[in-house]
Amino acid sequence: MVVFDDFEPGQEHADCTAFLRDGYVVIKAENRSGLDEIRALAAHSARHHLGLSDSNDDDRLLNDIHHHVGSDTLNAIRLAAINALRAAAWFRPTYYSLARDALQQIVGNELVMQRGIGLSIQLPEDESSLLPIHADVWDGDSPFEVVVWVPLVDCWRTKSMFILPLDKDRVHHGNVSANQHGGAEALFTTVEDDVRFLDIPYGSVLVFSQTLMHGNRVNRETETRWSLNCRFKSAMSPYAGKKLGEFFEPITLRPASKIALAYRLPDGFHE
Ligand SMILES: O=C(O)CCC(=O)C(=O)O
Ligand SMILES: [Fe+2]
């Protein structure tokens, strides 16, 4: 990988060092009260959906949601929760505030953000909603995108997601096409010894390059996983299948870019 040094000392920032080494970094949420509000709204909408009365133990409810739903009724509660979050005007700015400084250091100061934040719920022993090993960039995402992945409960081992750290991922690149016929399971078996299941307690946030192979396995813990995911990229970096305006929305454009993006050459000049 070619890394061009620049004139900013930011490259020595601890998050940048870890991200350059591993392709991901786990940080403390930069806005803990905002994270608590997000979790509270997810829990509130789940309770409302189930007809339960409100209580304060959001952590317990989310971890134990498999006592109330099964794989057949999971999607309805997932939609209720993510729709409630998406309907709140504060949700996207608050989500950004969880990793704002890290994103500014790792990605840039002019950012676009995915419009539709995702929610994933993994019930214990549920085989029906898994994300087999993949890299989003294989499926039309720009390699410039990072994912901010936010657990609403403590995540570890198979309750969490796995990732291949940067050096191992690049070593295993050569095995990807060789395993194409066997599908994702064959690929996972090939790389299994090198994957890391990430330990991400509630209150922490994962920022990762989705060019790294990652995914999840059947949750063998006794609690349910709830996690949110959202993509960010530098506004002016190349786009792939996911376009500005459709999939991404600018959130921190600087004045020169605002004027430039609105500029049209006078008639007679070739654009
Ligand atoms: O949440 C997971 O287990 C996988 C998430 C993922 O693939 C992504 O956010 O790109
Ligand atoms: Fe992914």
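Computed from a predicted model, the values in this text were never measured in an experiment. Whatever order the structure lists them in is the order used to number ligands and atoms, beginning at 1.
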Q | Aromatic centroids of Phe19 and Phe208 separated by under 6.0 Å | A | no
For Arg21 and Leu166, the nearest pair of non-hydrogen atoms, with its separation, is O-CB, 3.6 Å
Does one side chain, of Asn63 or Tyr202, offer a donor that lies under 3.5 Å from an acceptor on the other? no
His134 heavy atoms within 4.0 Å reach ligand 1 at atoms 7 (O)
From the list Asp57, Asp64, Asp58, salt bridge (charged side-chain N to carboxylate O under 4.0 Å, His left out) partner of Arg60 resolves to Asp64
The atoms of ligand 1 lying under 4.0 Å from a heavy atom of Asn216, numbered in the order shown, are 2 (C), 3 (O)
Evaluate the criterion salt bridge (Lys or Arg N to Asp or Glu O under 4.0 Å) for residue pair Glu145 and Lys242; output intermediate values, then yes/no. CA-CA 10 Å; Glu145 293 167 24; Lys242 295 180 170 159; 5.5 Å; no
Residue pair His214 / Asp136, side-chain donor-acceptor N/O under 3.5 Å: yes
The atoms of ligand 1 lying under 4.0 Å from a heavy atom of Asp136, numbered in the order shown, are 10 (O)
*Asn31 side chain to Ser33 side chain, donor-acceptor N/O pair below 3.5 angstrom*: yes
In ligand 1, the atoms that come under 4.0 Å of a heavy atom of Val147 are 9 (O)
In terms of its nearest heavy atom to atom 2 (C) of ligand 1, the top option of His214, Arg225, Arg231 is Arg225
min-distance protein heavy atom vs atom 4 (C) of ligand 1 -> Leu131 CD1, 3.7 Å
In ligand 1, the atoms that come under 4.0 Å of a heavy atom of Met161 are 2 (C), 3 (O)
Counting from 1 in the order shown, the ligand 1 atoms closer than 4.0 Å to a non-hydrogen atom of Asn229 are 9 (O)
Using heavy atoms and a 4.0 Å limit, tell me yes or no: is Gln122 in contact with ligand 1? no
Examine Lys233 relative to Tyr239 and say whether NZ or CZ is less than 6.0 Å from the centre of the six-membered ring and inside a 45° cone about the ring axis.
yes
Proximity flag Gln210 to ligand 1, non-hydrogen atoms under 4.0 Å: no
So the angle subtended at the Fe ion (ligand 2) by His134 atom NE2 and Asp136 atom OD1, rounded to 10 degrees, is 90°
